[in-house]
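Here the structure comes first, spelled out in structure tokens, and everything after it is commentary.
Index from 1, following the sequence.
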Amino acid sequence: MKPRRILLACAAAFVLLMFTLLIAFNHAKPRLLVLHSFSENGHWEQLFNAGVERALARNRQPIAVRWHYMAFSDTDVQTNAEWAAASARSRAAIDAWKPDVVLIVGEEGQQWVGHRYATQDEQGPRLVYATGEDPARFGYPGAANVTGVRELLPLSQTLEVLTQLESKRLRIQALGVADPTGEAERAQVQAFDWRAHTLLPVVLAKDYAAWQQAVNGAAGKADVLLVLSFAGLPRSGASPAAVDPSEVARWTAQHAEPLTLSVRERYVQSGGALAIAPSAEALGEQAARLALQALPGKPLPAPQETENFVIGLRPDRLSSHGYQLPDIYTQAARAAHLLYQDD
């Protein structure tokens with residue numbers, strides 16, 4: 001064989017060997033699947049993913065990562081049949097790729113997918129949940145392969161802010177959406193100790209008309225309107241389309257008579273005066289760190305609760321209602337890039 005042919009044959013063998021080693025290396029890397037309940041276009045989902053990416057950027061262990069979204073759109077409200085179909089697609093993706101860890105985000109992901117993989121003998125993937133619902137609802141406590149982060153509403157911080165704004169006893173009306181997220185938030189609000197204040201029955205609106213009726217109905221009977229999550233609110237019982245969350249926030253801010261604040265930062269971004277919200281980005285980073293700790297060969301870490309919250313503030317809008325917060329809140333909102341000035 002001529003030297004040139006020998007050289008080409010050796011080069012080809014080297015390339016083939018490197019390609020084989022690359023495939024073997026990628027196949028041997030631990031696998032992490034991030035499974036979202038909703039679409040990648042959602043504002044909250046994008047913030048959560050930014051936190052996940054930050055945790056992954058600090059990781060030094062080679063790892064394969066894939067993302068899966070149960071919903072195709074953030075503008076439609078899915079029926080049970082559509083959730084069942086999304087569940088089947090998600091389980092097919094898990095069973096085909098066989099990830100070592102599945103990070104499941106949101107109540108619907110736990111309800112339709114996660115609980116099916118919780119086991120007593122660590123067979124199958126390890127699960128890491130990120131949800132506001134009590135993990136016991138999905139049978140997670142006691143499972144040998146499940147850990148996660150529960151998102152807690154910053155109600156203690158909300159109470160502290162209310163103390164800064166008002167010295168009297170307050171009647172508090174909480175308003176959310178009639179869906180799994182709203183149910184989880186209602187449970188947290190009802191379980192919280194509001195001290196001397198009175199918590200009125202929590203209202204979960206089934207559609208936009210019911211939401212507007214609840215906002216108008218709070219006038220005169222409530223001193224504070226606490227706006228829970230409002231994404232995914234159906235426009236009507238006859239339409240699967242969800243109202244744009246920014247529209248819900250703007251309408252609420254314009255028409256609510258009581259002092260109104262929210263547990264979601266988008267409320268302030270869309271024109272509201274005040275929000276004390278769990279940080280979706282921090283939750284994503286915390287859940288991703290836990291998922292990395294749950295990779296094969298490591299002991300399963302203990303479940304956690306959320307660690308961070310953010311302040312969103314429009315001082316001019318708040319002062320127009322006769323309220324003013326100490327400068328420390330303004331500085332906190334500025335640090336979170338959630339300080340807005342009305343034109």
For residues [X] and [Y]: do they belong to one hydrophobic cluster (side chain heavy atoms under 4.5 Å, members Ile, Leu, Val, Met, Phe, Trp, Tyr)?
{"X": "V34", "Y": "Y140", "answer": "no"}
{"X": "L204", "Y": "V248", "answer": "no"}
{"X": "L155", "Y": "V310", "answer": "no"}

Practice problem: May I have the step-by-step check of side-chain hydrogen bond (donor to acceptor under 3.5 Å, both in side chains) for Q110 and T131, ending in yes or no? | Solution: CA-CA 8 Å; Q110 322 301 328; T131 179; 4.9 Å; no
Quiz item: F48 vs H36 aromatic rings, parallel, tilted or perpendicular, using cut-offs 30° and 60°?
Solution: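 Aromatic pair F48/H36 classed perpendicular.
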Quiz prompt | Plane angle bin for Y267 and F230 - parallel if under 30°, tilted between 30 and 60°, otherwise perpendicular | solution =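 Taking Y267 first and then F230, their aromatic rings stand perpendicular (interplane angle over 60°).
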Quiz item: Going by atom types alone, do S87 and R91 pair a side-chain donor with an acceptor below 3.5 Å?
Solution: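 The criterion, which ignores hydrogens and geometry beyond distance, is satisfied for R91 and S87.
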Practice problem: Salt-bridge test for R31 and D100: reply yes if a basic N is under 4.0 Å from a carboxylate O, no otherwise. | Solution: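 Here R31 does not pair with D100 in a salt bridge, since their nearest N and O are not under 4.0 Å apart.
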Quiz prompt | Side-chain heavy-atom pair L47, E265 within 4.5 angstrom cut-off | solution = yes
Quiz item: Side-chain contact, heavy-atom cut-off 4.5 Å: R150 with T306?
Solution: no
Quiz item: Can you check whether Y69 and W67 have ring centres sitting under 6.0 Å from each other?
Solution: no
Quiz item: Is the distance between the ring centroids of W83 and F38 less than 6.0 Å?
Solution: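 Centroid distance W83-F38: below 6.0 Å, so yes.
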Quiz item: Are there more than 12 heavy atoms of other residues, nucleotides or ligands under 6.0 Å from atom CD of Q164?
Solution: yes
Quiz item: Above 12 or not: heavy atoms from other molecules or residues under 6.0 Å from CG of D327?
Solution: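 Not buried by this count: 12 neighbours or fewer within 6.0 Å.
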Self-check item: Backbone N/O of V149 and side chain of Q286: donor-acceptor pair under 3.5 Å
Solution: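 No.
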Quiz item: When rounded to the nearest 0.5 angstrom, what distance separates CG in L259 from CG in L274?
Solution: 7.5 Å
